**Student:** 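Structure below; questions to follow.
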There are 4 protein chains.
Amino acid sequence: MAKKSIDKYEAILDAAAKIIGEVGYHKAQISKIAREANVAEGTIYLYFKNKQDLLLSLFQKRYGEFISNLKFEVANAKTPMDKLKKLITMHLENSERDRNFAQVTQIELRQADRDLRQKLSELLKDYFDIIESIIEEGKEQGIFRKDISTKVMRRMIFGTLDETVSSWLLSSRRYSLSRLSNDIFELFCYGLVKPE
Amino acid sequence: MAKKSIDKYEAILDAAAKIIGEVGYHKAQISKIAREANVAEGTIYLYFKNKQDLLLSLFQKRYGEFISNLKFEVANAKTPMDKLKKLITMHLENSERDRNFAQVTQIELRQADRDLRQKLSELLKDYFDIIESIIEEGKEQGIFRKDISTKVMRRMIFGTLDETVSSWLLSSRRYSLSRLSNDIFELFCYGLVKPE
Amino acid sequence: MAKKSIDKYEAILDAAAKIIGEVGYHKAQISKIAREANVAEGTIYLYFKNKQDLLLSLFQKRYGEFISNLKFEVANAKTPMDKLKKLITMHLENSERDRNFAQVTQIELRQADRDLRQKLSELLKDYFDIIESIIEEGKEQGIFRKDISTKVMRRMIFGTLDETVSSWLLSSRRYSLSRLSNDIFELFCYGLVKPE
Amino acid sequence: MAKKSIDKYEAILDAAAKIIGEVGYHKAQISKIAREANVAEGTIYLYFKNKQDLLLSLFQKRYGEFISNLKFEVANAKTPMDKLKKLITMHLENSERDRNFAQVTQIELRQADRDLRQKLSELLKDYFDIIESIIEEGKEQGIFRKDISTKVMRRMIFGTLDETVSSWLLSSRRYSLSRLSNDIFELFCYGLVKPE
DNA sequence: CATGAATGAGAGTTCATTCAT
DNA sequence: CATGAATGAACTCTCATTCAT
């Protein structure tokens, strides 16, 4: 029984990710998600308070897993540079591996009502914390410049990764996303200007 | 009186920008936009084919003006560095000046149905072209590095600006956006790493 | 001026007949009728109280002319048989000549709201009277049978002509309508059964 | 409980027949039909694709039943004369029994958009076929005259019955419809002209 | 726990009619 | 008389949510 419930819970989340990824949050009908999950419409409301809660749970679960993996890997990397490199790689690889995850994260998060957006940004907060702690560490070790605020740097890092994935999604994923890691890392570290 | 008065057209666009900025495209009811514009609901349909067309026109007009200003200013700047600087400043200042514009641009563009997104991204194309031409010029003049593709660079620039504005919007604009220009410019040019 | 008014009045009626004939009363928009008549929408309301009044006037005018012609011709025919023949011929020829008239008469009259239908059937009354007086005359002269009520006979005559025109209209008028006069006349007079 | 209960389906059809019969197709609001059927508006869309589909189904069901009864009775009648008599009687009795059916059939069918009319006339086709086959049989047996086309005859029969019912409906049904059967039959067979 | 038929508020859009010019 | 931009009531259809079974 307990097992069965968890199966359904997962099935609904998977179905939601698929449908929302395909048609977007607003056009994703509960009835379609139910059908995709092989579940009755009413059943969804046994596991989730409402449609918004479903999206929230979806994001929470998927992003939560990603964040905890990321934390682990970042902790294991030695230098701030290594940590940054790892973060870029994982962000891109994860997006590439799970297209629905990326779609939902990138596109669907933006819409949504005030309060939903608020809740979602709380979830993002964890990710931001990881980025910022890497930057702080780099600054402390004298590797990263201190004349620019950590927040500005964090926005560059997240914004660039975000936009990179967005572009890739809109391009119908015709190229390898994760292969861009090195260039982006280079850009982050040394900027546009030719050295010397 | 000019037929289909331009005043009304503008009033509707303004009202749409305001309402959409406040509650998002999907929750922005035609009836509310009409009330905000001091116009009957039916009147909106004299000026716009439908709700989607209204959003499209809104973006087209606002973004179009911005783009043409941007083109002019960028053309007048001497070096690629100056041009890049100008672009950053204008992006942030424009967003700061017109909150509704920024809101719509940042948030609402992402949602929307497949075909709307398609049309909107065509409009963004112009902006991307400007950014990319600055980069190309910098590469040709030996100022910017050539070992990283222009597209990757463009995504960093646009993504960072985009995320910076998004953050500012979500923070309820408690700080000056345009004052960040210099730092962002520095970051773009020289990266995170402390020189020497 | 007076002349001009009459021109517009006529133009609107013609336009209404054309548009209604094409798309039906309910789908015939005032704006389209106005455009067809080269007149502003508001102008229509200078000549007609409302849309319903326009249809009524249209029918009144067209049917009125037809009825008065019919009366004249029937009066000139000698025998009840000749009169009946004339009536059949004129009904079919008139429908064939003016497709819009037929369309409106046949199809559009049926719909309409309770009260409109009431008013229209008053107009039909004149036509019914003509038919019934022919029948009565025939009965008096001992030509037509007296064991069947005049009303029943009238309904046969009108119903048959009506259905004949309806069929022709729905068939996209691929055959000559007026050429059927003789057969219908025969049928009316002697019925289906083979004589002897 | 049967899914999408047949009861509700029937209740909606009955309500539709009643409301449409009262105010006509165009003025028959879904909301009123729903109220009459003791059903929510949305429920109607569980059973019918849209308003037009509801009308179509209504006609299909009611007319379909009538046609199949008619076929049975006509097949059981011996001579073409008996068959014709049966057809007249059933047409009138059925209309008299179910006023809504008659109303919809007579009045509402005529209006409607091009495509709806097309679909409806396909349904009428079955009725026409029955009439025509009776005529053909009569011709073959040497009972009916062969010098007039079957189609012309069919239009007389259908047109007369149709008009008879229409008249009766407009008269607010102040007389017995079915009692007219004999006279109409006589008229069809022998025509207006007094024998001898 | 599970179902899915039923609900009904809500939203976009149309179009006959009005009225200031 | 004429205009046509503006009006806003009205209507169909959608879909998240509920609840009796």
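Both backbone and side-chain heavy atoms feed into the values below; hydrogens, waters and symmetry mates do not. To find a chain, count down the sequence lines: A is the first, B the second, and so on, and within it residues start at 1. Since the structure is predicted, the reported quantities are computational estimates derived from the model, not experimental observations.
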**Student:** Over how many whole Å does the gap from C:Ile33 atom CD1 to E:dT17 atom P extend?
**Tutor:** 11 Å
**Student:** Take the protein atom OH of D:Tyr47 and the nucleotide atom C1' of F:dT14, then report the distance between them rounded to whole Å.
**Tutor:**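 To the nearest whole Å, that distance equals 17 Å.
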**Student:** Parallel, tilted or perpendicular: which one describes the rings of C:Phe48 and C:Tyr9, with boundaries at 30° and 60°?
**Tutor:**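 Ring orientation of C:Phe48 relative to C:Tyr9: parallel.
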**Student:** Reading DNA chain F from 5' onward, which residue's closest nucleotide shows up sooner: B:Val39 or D:Glu41?
**Tutor:**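 The 5'-side residue here is B:Val39.
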**Student:** Closest approach to the side chain of D:Lys51, judged atom by atom: which nucleotide of E:dT7, E:dT3, F:dT12 is it?
**Tutor:**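 For the D:Lys51 side chain, the nearest candidate turns out to be F:dT12.
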**Student:** Has D:Lys18 got a side-chain atom pairing as donor or acceptor with D:Ala37's backbone, closer than 3.5 angstrom?
**Tutor:**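 No: the side chain of D:Lys18 does not pair with the backbone of D:Ala37.
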**Student:** Using whole Å, report how far CG of D:Asn50 lies from P of F:dT14.
**Tutor:**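 After rounding, the reported distance stands at 8 Å.
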**Student:** Between B:Asn38 and C:Asn38, which residue's closest nucleotide on DNA chain F lies nearer the 5′ terminus?
**Tutor:** C:Asn38
**Student:** From OH of C:Tyr25 over to C1' of E:dC15, roughly how many Å is that when rounded to an integer?
**Tutor:**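 Distance, rounded to whole Å: 12 Å.
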**Student:** Nearest to the side chain of A:Thr43, which nucleotide is it out of F:dC11, F:dT7, E:dT3?
**Tutor:** E:dT3
**Student:** Once you apply the 3.5 Å cut-off to both distances, tell me the Watson-Crick or G-U wobble partner of E:dC15, or none.
**Tutor:** F:dG8
**Student:** Which nucleotide, in any strand shown, forms a Watson-Crick or G-U wobble pair with E:dC1, with both distances under 3.5 Å?
**Tutor:** none
**Student:** Pick the nucleotide of DNA chain E nearest each of D:Ile44 and A:Leu46; which residue has the one closer to the 5' end?
**Tutor:** A:Leu46
**Student:** Hey, is the main chain of A:Ala28 close enough, under 3.5 Å, to the side chain of A:Lys51 for a donor-acceptor pair?
**Tutor:** yes
**Student:** NZ of C:Lys27 versus P of E:dA16: gap in Å, rounded?
**Tutor:**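 For the pair C:Lys27 NZ and E:dA16 P, the rounded distance is 13 Å.
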**Student:** To the nearest Å, give me how far apart NZ (A:Lys49) and P (F:dA16) are.
**Tutor:** 16 Å
**Student:** Does B:Gln52 offer a backbone N or O that forms a donor-acceptor pair with the side chain of B:Tyr25 under 3.5 Å?
**Tutor:** yes
**Student:** Can you check the A:Gln29 CD to F:dT17 C1' distance for me, whole Å?
**Tutor:**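 Computing the A:Gln29:CD to F:dT17:C1' distance gives 14 Å.
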**Student:** For the pair made of CZ in D:Phe48 and P in E:dA6, what is the distance, rounded to whole Å?
**Tutor:** 12 Å
**Student:** Give one of base, sugar-phosphate or nothing for D:Ile30, where a contact means two heavy atoms less than 4.0 Å apart.
**Tutor:** sugar-phosphate
**Student:** Taking the side chain of B:Ala40 as its heavy atoms from C-beta onward, which of F:dT7, F:dT18, F:dT12 lies nearest to it?
**Tutor:** F:dT7
**Student:** Is there a Watson-Crick or G-U wobble partner for E:dG10 with both distances under 3.5 Å, and which nucleotide is it?
**Tutor:**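 Looking at the geometry, E:dG10 pairs with F:dC13.
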**Student:** Any salt bridge linking A:Glu65 with A:Lys61? Criterion: basic side-chain nitrogen under 4.0 Å from a carboxylate oxygen.
**Tutor:** yes
**Student:** Can you tell me if the side-chain N/O atoms of D:Lys8 get under 4.0 Å from OP1 or OP2 in E:dA6?
**Tutor:**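 True: D:Lys8 side-chain N/O within range (under 4.0 Å) of E:dA6 OP1/OP2.
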